Chemist: 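I'd like to ask you about the structure that follows.
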Amino acid sequence: MIIPPADVIRRNMSSGEGTMDIAEIGGTLKRAGHLRLEPLCIYESKERPEGGRPFGDVDRCIAKAVLMCAKGEEPLLYISADARAGVCPGGQSWLGLTEMAEGLKYFISTGSPAFRGGEAEHLKRDPELVTRSKAFVGRVRPPQAHLCVAQCARYRQGTGQPRAILLFAEAEQLRNLLALHHFGTPDAFTSTSAPWGPSCASFLTYPAGLASNCPDQALIIGPVDPTGNRWLPPDLMSLGIKVRDAERMARDVPASFLTKRPQVAFPDGR
């Protein structure tokens with residue numbers, strides 16, 4: 001799908017003309033934020049997406065496969081109840097496809113000789129804290145058939161229900177994107193969140209609205225899971241945005257500091 005030139009998008013946004021499509025939203029935010037990686041669309045599809053690959057065929061780690069998609073290494077990925085082979089059990093549970101194994105509370109925290117030979121990630125003080133944190137997350141519903149991830153520029157209108165836009169940004173870029181978000185909302189505190197959970201939850205579960213207790217208005221900053229540091233570049237963070245908020249942010253670009261004062265957003269042309 002061809003993204004319209006920036007000046008065309010600017011005219012449409014400033015006039016309030018129509019609804020922006022996913023390619024326009026992603027393209028606008030990429031240019032405005034000076035992003036290197038491609039914005040992604042997270043969507044649910046009743047049909048298995050044509051030309052897509054199951055996550056498990058790409059990597060055992062869902063989050064790592066998502067990053068590969070943003071880098072252009074994979075054009076379209078999907079997962080569902082009947083297409084989850086090869087994906088780690090924890091990732092499957094965080095997408096609502098299976099129940100979390102009882103032993104995972106030990107693996108995430110202190111370890112137990114009865115589970116995986118006592119292997120532990122030491123991400124929580126004790127198993128009880130894992131259980132309590134998971135209760136705060138609430139029920140994670142399974143996707144409506146297939147949960148898909150594609151570059152915004154490749155997403156075809158009508159092929160599924162778009163749920164969120166996922167961006168990967170460096171520190172300065174993320175500061176600017178968050179400032180753009182705050183440009184259009186009075187909510188100073190609860191409109192952004194960096195919630196606990198694995199990288200796949202930061203990338204997919206929370207932005208896509210699969211977790212029942214995740215605040216619907218919150219942009220999701222992440223990941224907060226250091227186990228992904230071996231494949232996620234140290235200068236990158238993610239920002240998961242509901243489609244409606246991403247469109248608002250894209251429409252706000254012409255009136256915001258990103259257009260009016262670009263030398264502040266990106267000093268010396270950075």
Side-chain angles (χ1 to χ4, degrees), residues 42 53-70 74 77-144 146-147 149 164 166 168 192-215 218 220-240:
I42 305 167
R53 295 181 68 192
F55 273 93
D57 286 2
V58 176
D59 199 276
R60 187 171 184 270
C61 175
I62 292 173
K64 183 179 178 181
V66 170
L67 180 65
M68 293 169 67
C69 189
E74 292 292 333
L77 300 171
Y78 66 91
I79 190 169
S80 60
D82 60 356
R84 55 188 175 92
V87 170
C88 84
Q92 293 184 38
S93 69
W94 277 98
L95 292 184
L97 298 172
T98 62
E99 294 295 325
M100 179 179 284
E102 181 68 18
L104 277 177
K105 67 182 181 182
Y106 299 103
F107 175 68
I108 294 171
S109 59
T110 59
S112 168
F115 188 77
R116 298 182 64 162
E119 187 178 356
E121 293 182 319
H122 302 284
L123 293 174
K124 283 288 189 182
R125 184 180 299 117
D126 53 57
E128 174 60 23
L129 204 54
V130 176
T131 301
R132 290 169 59 193
S133 295
K134 194 64 168 63
F136 271 108
V137 171
R139 176 181 178 269
V140 177
R141 71 165 177 84
Q144 297 176 5
H146 306 281
L147 187 69
V149 176
L166 181 68
F168 287 95
T192 60
S193 179
W196 169 77
S199 297
C200 55
S202 295
F203 294 176
L204 302 180
T205 310
Y206 299 145
L210 301 184
S212 62
N213 290 342
C214 182
I220 303 300
I221 304 167
V224 298
D225 178 7
T227 61
N229 288 348
R230 63 185 182 275
W231 48 262
L232 185 67
D235 58 347
L236 278 188
M237 294 288 284
S238 63
L239 185 64

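Not measured: the values here are computed from a predicted model.
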Chemist: Can Ile221 and Leu239 be said to form a side chain to side chain contact (heavy atoms under 4.5 Å, CB included), step by step?
Modeler: CA-CA 5 Å; Ile221 304 167; Leu239 185 64; 3.9 Å; yes
Chemist: Indicate yes or no for a side-chain donor-acceptor contact from Ser212 to the backbone of Arg139 under 3.5 Å, with no hydrogens or angles considered.
Modeler: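 Such a contact is found between Ser212 side chain and Arg139 backbone.
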Chemist: Do Val66 and Cys200 have side-chain heavy atoms sitting under 4.5 Å apart?
Modeler: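 Sidechains of Cys200 and Val66: no contact.
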Chemist: Has Arg132 got more than 12 heavy atoms of other residues, nucleotides or ligands less than 6.0 Å from its CZ?
Modeler: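 No, not enclosed.
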Chemist: To the nearest 0.5 Å, what is the distance between OG1 on Thr227 and NE2 on His122?
Modeler: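 Answer for the OG1-NE2 pair, Thr227 versus His122, is 13.0 Å.
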Chemist: Quick one: pull up CD in Glu121 and CD1 in Ile108 and give me the separation to the nearest 0.5 Å.
Modeler: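 If we round to the nearest 0.5 Å, Glu121:CD and Ile108:CD1 are 6.5 Å apart.
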Chemist: If only atom types and distance count, is the side chain of Asp59 paired as donor or acceptor with the main-chain N or O of Ala65 below 3.5 Å?
Modeler: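 No.
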Chemist: Give me the atom names and distance for the closest heavy-atom approach of Ala208 to Arg141.
Modeler: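 Closest approach of Ala208 to Arg141, heavy atoms only: O-NH2, 4.3 Å.
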Chemist: Looking only at non-hydrogen atoms, find the nearest pair between Leu95 and Val140 and report the distance.
Modeler: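 Nearest pair, atom of Leu95 first, then Val140: C-CG1, 3.8 Å.
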Chemist: Please find the pair of heavy atoms, one from Ser238 and one from Pro223, that lie closest to each other, and give the distance.
Modeler: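 Heavy atoms only, the tightest pair is OG-N, 3.6 Å.
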Chemist: Would you confirm whether Ser93, through its side chain, and Gly90, through its main-chain N or O, come within 3.5 Å as a donor-acceptor pair?
Modeler: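 At least one qualifying donor-acceptor pair exists.
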Chemist: How long is the span from the NZ atom in Lys134 to the NZ atom in Lys124, to the nearest 0.5 Å?
Modeler: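 Output value for this atom pair is 12.5 Å.
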Chemist: Where is the tightest heavy-atom contact between Ala194 and Val224, given as atom of each residue plus distance?
Modeler: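 The pair with the smallest heavy-atom distance is O-CG1, 4.0 Å.
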Chemist: Report the distance from atom CG of Leu104 to atom CD of Glu99, rounding to the nearest 0.5 Å.
Modeler: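 It is 12.0 Å, given to the nearest 0.5 Å.
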Chemist: Is it the case that more than 12 heavy atoms not belonging to Lys64 sit under 6.0 Å from its NZ atom?
Modeler: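 No, because the 6.0 Å sphere around NZ of Lys64 holds 12 heavy atoms or fewer from other groups.
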Chemist: Less than 4.5 Å apart, any side-chain heavy atom of Leu166 and any of Val149?
Modeler: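 Side chain of Leu166 against side chain of Val149, heavy atoms only: no contact under 4.5 Å found.
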Chemist: Please report the interatomic distance CG(Leu147) to OG1(Thr205), rounded to the nearest 0.5 Å.
Modeler: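 Rounded to the nearest 0.5 Å, the CG-OG1 separation comes out at 8.0 Å.
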Chemist: Heavy-atom distance under 4.5 Å between the side chains of Asp82 and His146, does that happen here?
Modeler: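 Yes, side chains in contact.
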Chemist: Any side-chain heavy atom of Leu67 sitting closer than 4.5 Å to one from Leu232?
Modeler: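 With C-beta onward as the side chain, the pair touches.
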Chemist: Do the non-hydrogen side-chain atoms of Tyr206 and Ser193 ever get within less than 4.5 Å of each other?
Modeler: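 Side chain of Tyr206 against side chain of Ser193, heavy atoms only: no contact under 4.5 Å found.
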Chemist: For the CH2 atom of Trp196 and the OG atom of Ser202, what is their distance to the nearest 0.5 Å?
Modeler: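 Here the rounded value is 11.0 Å.
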Chemist: Going by side chain to side chain contact (heavy atoms under 4.5 Å, CB included), name the residues that satisfy it together with Glu119, two or more places apart in sequence or in a different chain.
Modeler: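 So Glu119 forms a side chain to side chain contact (heavy atoms under 4.5 Å, CB included) with Phe107, Arg116.
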Chemist: I'd like to check the ring pair (Phe, Tyr, Trp, His ring centres under 6.0 Å) partners of Phe203; sequence neighbours left out, ordered by chain and number.
Modeler: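 Listed in chain order: Phe168.
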Chemist: Show the nearest heavy-atom pair for residues Cys69 and Leu77, with the distance to one decimal.
Modeler: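 Closest approach of Cys69 to Leu77, heavy atoms only: CB-CD1, 4.2 Å.
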Chemist: Kindly give the heavy-atom pair with the smallest separation between Gln92 and Val87, and that separation in Å.
Modeler: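 Looking at all heavy atoms of both residues, the shortest contact is NE2-O, 2.8 Å.
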Chemist: Is Val137 close to Trp94 at the side-chain level, that is, under 4.5 Å between some pair of heavy atoms?
Modeler: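 Trp94 reaches Val137 side chain to side chain.
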